[in-house]
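These notes are about the structure you will find just below.
Bear in mind the structure is a predicted one, so any value in this text is a computation, not a measurement. Just so we're on the same page: letters track the sequence lines, and every chain starts at 1.
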2 protein chains.
Amino acid sequence: MEMTASSAVEALGALAQDHRLTLFRLLVQAGAQGMSAGAVAQQLGVPNSSLSFHLSHLTRAGLIRQRREGRSLIYTADYHAMNALVAYLLENCCGGAACDSDFPVNNHASRSEGKDC
Amino acid sequence: MEMTASSAVEALGALAQDHRLTLFRLLVQAGAQGMSAGAVAQQLGVPNSSLSFHLSHLTRAGLIRQRREGRSLIYTADYHAMNALVAYLLENCCGGAACDSDFPVNNHASRSEGKDC
DNA sequence: CCGTCATTTCCATACCAATGGAACTATTCG
DNA sequence: CGAATAGTTCCATTGGTATGGAAATGACGG
């Protein structure tokens, strides 16, 4: 769950693309069961090779997982990774304060563990 | 607070770079008072022209704001935008369930407003 | 006005990301 | 084994991103 600035950059970069964000959301919806690469390609209307590129991008960033099932490769969203990313953003990019407050305090080492967002 | 997939991609892309993520975190720490472009450049050790590029990138994505003060341009983090981004991620990329749960339900229109993350 | 201070815009360069067809690899089934 | 199915890797092309020096813009003080 530890997240460094550079792994956050990697995860953000992996999600910062239309096809990949859609793809990730699709996998989130699919849940633990996941989806085969082919099913995803069909949903997105993207050629196989391009999709494979995006899948490996998300995998490299640790946001999705792969498992083989018969001749299909099944992909699932890694909720822990996503959770870690969101936690990182809340702690480092929202001033550690609740997101809803207009202007959080000017802190730099708060351990306030933002609870309500 | 409305956030579309494409504005989310833009915001994610703006944060998905070492200098820009550091810069944004710096502005978050600075709070409402903000920081001048020059002060940021010095902190980051980045030449003025490069910094300006990153500042305008973040501005375009709506994550930071600019105001003039004397001959300095002061930048501040836009917490509402950040809040909207995190909310988007929670609702669309965590299955709408609390982030801490291992595998959220397979929903697609939940209004569950994740409370505890 | 004129200098100077703060910052941006312009520009060229280098690099990295996205795309899709074709060839390759892995797995199952007859 | 050999054909068919599911995906990936390879490769060339295209376009966008990051960088930093130099020139331009805007604001203030004398």
Side-chain angles (χ1 to χ4, degrees), chain A residues 5-27 30 33-78, chain B residues 5-27 30 33-78:
Chain A
S6 87
S7 63
V9 165
E10 201 171 22
L12 289 165
L15 294 172
Q17 210 271 355
D18 280 355
H19 287 323
R20 285 196 296 271
L21 185 58
T22 307
L23 161 42
F24 187 78
R25 291 175 62 188
L26 220 58
L27 292 184
Q33 167 188 336
M35 283 178 82
S36 71
V40 173
Q42 196 171 3
Q43 281 277 327
L44 295 192
V46 165
N48 269 341
S49 61
S50 296
L51 178 78
S52 202
F53 167 76
H54 292 304
L55 284 169
S56 72
H57 201 315
L58 283 165
T59 303
R60 205 183 326 133
L63 287 166
I64 65 176
R65 265 160 213 299
Q66 187 193 56
R67 72 172 191 272
R68 184 171 279 279
E69 205 158 281
R71 40 187 138 182
S72 294
L73 289 173
I74 308 288
Y75 288 89
T76 50
D78 184 326
Chain B
S6 86
S7 63
V9 166
E10 201 171 22
L12 289 165
L15 293 172
Q17 209 271 355
D18 281 354
H19 287 323
R20 284 197 297 270
L21 185 58
T22 306
L23 162 44
F24 186 79
R25 292 174 61 187
L26 219 58
L27 292 183
Q33 167 189 336
M35 282 178 83
S36 71
V40 174
Q42 196 170 5
Q43 280 277 328
L44 293 193
V46 165
N48 270 339
S49 60
S50 296
L51 180 78
S52 202
F53 168 76
H54 292 304
L55 284 169
S56 73
H57 201 315
L58 283 164
T59 302
R60 204 184 325 133
L63 287 167
I64 65 177
R65 265 161 214 297
Q66 187 193 55
R67 73 172 190 270
R68 182 170 280 280
E69 203 158 281
R71 40 187 138 183
S72 294
L73 288 172
I74 308 289
Y75 288 90
T76 50
D78 184 325

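With contacts defined as side-chain heavy-atom distances shorter than 4.5 Å, the pair B:L27/B:L63 does not qualify.
Between the CG atom of B:L23 and the P atom of C:dT7 there is a distance of 13 Å, given to the nearest Å. For A:L12 and C:dA17, the CG to C1' distance is 16 Å, given to the nearest whole Å. Atom CG in B:L55 sits roughly 14 Å away from atom C1' in D:dA18 (whole-Å rounding). Atom-to-atom, CD of A:Q66 to P of C:dT25 comes out at 18 Å; the value is rounded to the nearest Å. Atom CD1 in B:I74 sits about 15 Å away from atom C1' in C:dT8, given to the nearest Å. Counting to the nearest Å, the P atom of D:dT17 and the CG atom of B:L58 are 13 Å from each other. Here the P atom of nucleotide C:dT28 and the CG atom of A:L73 are 11 Å apart, to the nearest Å. One can place CG of B:D18 at 17 Å from P of D:dT17, the figure rounded to the nearest angstrom.
A sub-4.0 Å separation between OP1 or OP2 of C:dT19 and a side-chain N or O of A:H19 is present. For D:dA6, the OP1/OP2 oxygens have no side-chain nitrogen or oxygen of A:Y75 closer than 4.0 Å. For A:S49 and C:dG21, the shortest distance from a side-chain N or O to OP1 or OP2 is not below 4.0 Å. Note on B:R20: a side-chain N or O is less than 4.0 Å away from OP1 or OP2 of D:dA18. Under 4.0 angstrom from either OP1 or OP2 of D:dT19 there lies at least one side-chain N or O belonging to B:H54. When the side-chain nitrogen and oxygen atoms of B:S52 are compared with OP1 and OP2 of C:dT7, none of them lie within a distance under 4.0 Å. Taking side-chain N and O atoms only, B:Q17 has no distance below 4.0 Å to OP1 or OP2 of C:dC16.
B:S52 places no side-chain N or O within donor-acceptor distance of the main-chain N or O of B:N48, the cut-off being under 3.5 Å. The main-chain N or O of B:H54 is never found under 3.5 Å from a side-chain atom of B:R20 such that the two would form a donor-acceptor pair.
For B:F53, the side-chain atoms get nearest to D:dT19 when compared with the rest of D:dT8, D:dT19, C:dT7. Across D:dA18, D:dG7, C:dA18, the shortest atom-to-atom separation from the side chain of B:H57 is found for D:dA18. Here the nucleotide nearest the side chain of A:N48, chosen from D:dG20, D:dT8, C:dT19, is D:dT8. The side chain of B:R71 sits closest to D:dC28 out of D:dG7, D:dG20, D:dC28. In this structure, the nucleotide among D:dG26, C:dT7, C:dA18 sitting nearest to the side chain of B:R68 is D:dG26.
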Between B:L26 and B:L44, is a side chain to side chain contact (heavy atoms under 4.5 Å, CB included) present by the stated rule, with each step listed?
CA-CA 9 Å; B:L26 219 58; B:L44 293 193; 4.3 Å; yes
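Open room surrounds CD on A:Q42; 12 or fewer heavy atoms of other groups in view lie less than 6.0 Å from it.
Backbone-only engagement by B:S72 is indicated by non-hydrogen atom pairs under 4.0 Å involving sugar-phosphate atoms exclusively. At a threshold of 4.0 angstrom between heavy atoms, the contacts of A:S36 are confined to the sugar-phosphate backbone, with no base atom among them.
The two residues A:L51 and A:V46 come nearest to each other via the heavy atoms N-CG1, 3.6 Å.
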